[in-house]
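Computed from heavy atoms alone, side chains included, the values below leave out hydrogens, waters and symmetry copies. Naming: A, B, ... by sequence-line order, numbering from 1 per chain.
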Amino acid sequence: MSESSKSPASKKPPQGRSRYISIDGRALGRLSAAGLQWLQTNQQIINSLNVFPVPDGDTGTNMALTMQSACNEIESSADRSIGAIAHAIAYGALMGARGNSGVILSQLWRGFSLVLDKKDRMDAALLTKAFVEAKEAAYRGVVRPVEGTILTVSAEIAKAAQLALDDGVNSTLEILERVVLAADEAVQRTPDLLPVLKEAGVVDAGGIGLYFMLEGMLRSVTGQPLDEPTLSEQPLRAFKSVIDAIEPGQDWEVVIDFRPEKQLDVPKFYGHLEEMGTSIQVGEGDGLYRLHIHVADKSEYEPIEYAKSLGTVTNISIENLMVQMADQQARDNVQNIKLTPVDPGETAVVTVVPGMGIARIFSSLGAAGMVEGGQTMNPSLQDILESIDRLPTDKIAILPNNKNILLAANQAAKLSVKSIVVVPSVSIPQGVSAMIAHRADGNFENSVEAMTKALDDVVSAEITIATRSVKIDGVDVREGQVIGLLEGKLVVSGDELVDVLFEILDLCSANETELITLYYGEDLSAFQANQIADSVRKQWPDQEVELVEGGQPYYQLILSVE
Amino acid sequence: MRSSKVAIVTDSTSDIPKDKQDELEIEVVPAIVIMDGISYRDGLDISRSDFYERLPNLKTPASTGAPSPLFFEEVYEKGFDSGAEEIVSIHLPETLSSMIDVSRQAAMKFGDKVHVISSGQLSLGTGFQVMEAAKAAHSGASMQEILQIASRAKENVRLIALVNNLAALKRSGRINWLSAGVGDLLQLKLLVEISDGVVSRIGQVRTRTKAMGQLELIAKEWGPLSRLAIPHSSIPELAQAYAEKLNHLCQTPTIVMDVTTAIGAHIGTGAIGIIGLLEKD
């Protein structure tokens, strides 16, 4: 495309825009940093877009962490050409890829960077080509592409870029403008393409993450702020997942729900809070405010008194952060887990574990490597690779134990120089079943075959608390209710855990099986778990019922029948 | 007087049914089992069914032992008195019990007239070797021939089993690979194989159904069998049904029996196995 062939339809670019006719590596670096910042700002919004009302692999967090890793890599590149910077971004994204959306994002960057290889600068035509190749790479990276996801958004982006170029657009900035518009529209259309999204009343989280990244780039060019979200958050829910770094002097976490009598004077309100403590977050919904603050010892009642002076307080929660943190550290030290040593040439298993109890179980079954992670904390590709590289053998099977980690595990298998096989376990019971079938001293192929076959030996189910009200797969769920998922599908909701558990066991035809295993999570005490197990034993007297401490977060129970 | 010149002796851990003992004139030294401090002679002072009934309710875990050498001497004397010129005494290996050491000790008294052989096996894994030797002795085979036949039977015998009470087996201290954490947190059913006196793990599963399915697949690979047995620890109905299912693998009737107390004391109830003698000539 030559400079002179401007489309009559295109608007006259404002001042300063001409420098975006083509861009260099430095500019791409700045844009990426802006994309990251905007992703971070909107992280909680993206996280809240779960199809299932369960704490899911937080897409926003995953994408932001993936981009964070990408941006870190930019700094280590001495070469400032666009080819080198794009390559650094792609490499960093890949190494830091978390969750399915993170892996796909890294694939997009990979395709994007391929086109820019050895190039100094990027013009509109090259940018368009990069968007097209990004889409191609992302689709290639997924075994069965699903429309209505981030993939569709990437395809619409590529199409919009191509259309713009055909229209005679000749600046990278204008291509970006067109692309952001198209991405927004594509995101809004995702529920039409993917029925589960429509049913849940949300747009695709990965898709909107991609949109935010590109929108952030555009906002940085046009001088719009990147530190305040423009969409309304769903704050009442978002706070639950906020895990702050705890500093000295922040001994108590206080969360107060209150309804102010009069219109809140926001600047004054914040001013008061800042005098009291740190980590202040305030959410509003239907006139109800939720205030979250960290305060020093002996000040824990100050925010409550203050909220009372403003209106009616409906709910208060106070937690001792120091005690919480100490407990956490003692419990969560997977370093203390004994791993099975392997010799060169032996076959080994690396497994992803969501809790200490589960880690201990895999340890007792002979796992040689462990990566912490699960539903809400998807390990990065690098975490998995490191665990593989540490082992002195090159025959390693990976058990992802979660559908959100499957893709990262597959990527790790592809990237590693060792012969890695992913045994596609999507639940803890499947992982345990496969682990049991593993033979360290046997032939690797046979062992992997036996492990893969063993995945079908168990029926897996999970019990958790609904994070929001929704109707999905014909099941009506209210926020806070107990819900049961069978093989990852929502099947039961109810008010009592035991009722939901019994219904799930009925659905699994537990009476025709031999063994019911209950892995209880960190939210249940051993005493509660024992009571639950006893009631199951009473109801299913012909079955063996085994209760095991899983220690997994969010899921009160993970269970299997076989 | 006995019909053969060579008498065949074993101990009660070989699990040879009473009718076969009588038919083949096999002399059996009883193993000793100790329950809550009291010693019983296996099969004489306590029946297998009584043993398994009491096993889960003992105050202290059951233990087992070899009888005194005097028991062996008595049985050997009896053999010679009844007209035998030589004796072949076949027992479970020293890796798993002291039985064979005691029998060797007793045999010394008779010079080279008593040949003590290790079966490298347990239960009817030993029993089948004993029965083959006794059959040969009956048909008038020479000492040399009997030893050859016993040795061939040793090569052709197969034993696989499911063990589900790992706690008891660990306590026995007889299986060194079982020490480290196996089945501590999550109960497991181990599939084991015994060969040449060594117990090795061939697999592990979580349910008995699956375990029995896998054992069955392995047994089917063995090829035609001349003898087949289903030893179990106190699950007779299940064992009987299993035997009927596997009967077609073998021409002779399948033997189903409560496994020897020497094993039962270490693996508890609920275990089951398959013992086969390959039909090879």
Among all residues two or more places apart in sequence or in another chain, which pass the side chain to side chain contact (heavy atoms under 4.5 Å, CB included) test with B:D36? B:L58, B:K59, B:T60
How long is the gap from CG on B:N164 to CD on A:E544, to the nearest 0.5 Å? 7.5 Å
Please tell me if the side chains of A:L365 and B:L188 come closer than 4.5 Å, counting only heavy atoms from C-beta onward. yes
Heavy-atom distance under 4.5 Å to chain B: side chain of A:Y519, backbone, both or neither? side chain
I'd like to know if the side chain of B:Q187 and the backbone of A:E546 have a donor-acceptor N/O pair within less than 3.5 Å. no
Check whether more than 12 heavy atoms from other residues, nucleotides or ligands sit under 6.0 Å from atom CD of B:E94, and answer yes or no. yes
Return the CD to CZ distance between B:Q204 and A:R439, rounded to the nearest 0.5 Å. 8.0 Å
Is it the case that over 12 heavy atoms from other parts of the model lie below 6.0 angstrom from the CD atom of B:E53? no
Identify each donor-acceptor pair in which a side-chain atom of residues 210-231 of chain B lies under 3.5 Å from a protein atom, sequence neighbours left out, and give them as a table.
| unit_1 | atom_1 | unit_2 | atom_2 | d |
| --- | --- | --- | --- | --- |
| B:K210 | NZ | A:E562 | OE1 | 2.8 |
| B:E216 | OE1 | B:K245 | NZ | 3.1 |
| B:E216 | OE2 | B:K220 | NZ | 3.1 |
| B:S226 | OG | B:L277 | O | 3.4 |
| B:R227 | NE | B:E132 | OE2 | 3.0 |
| B:R227 | NH2 | B:E132 | OE2 | 3.3 |

Are a donor atom and an acceptor atom from the side chains of B:R206 and A:T517 found within less than 3.5 Å of each other? yes
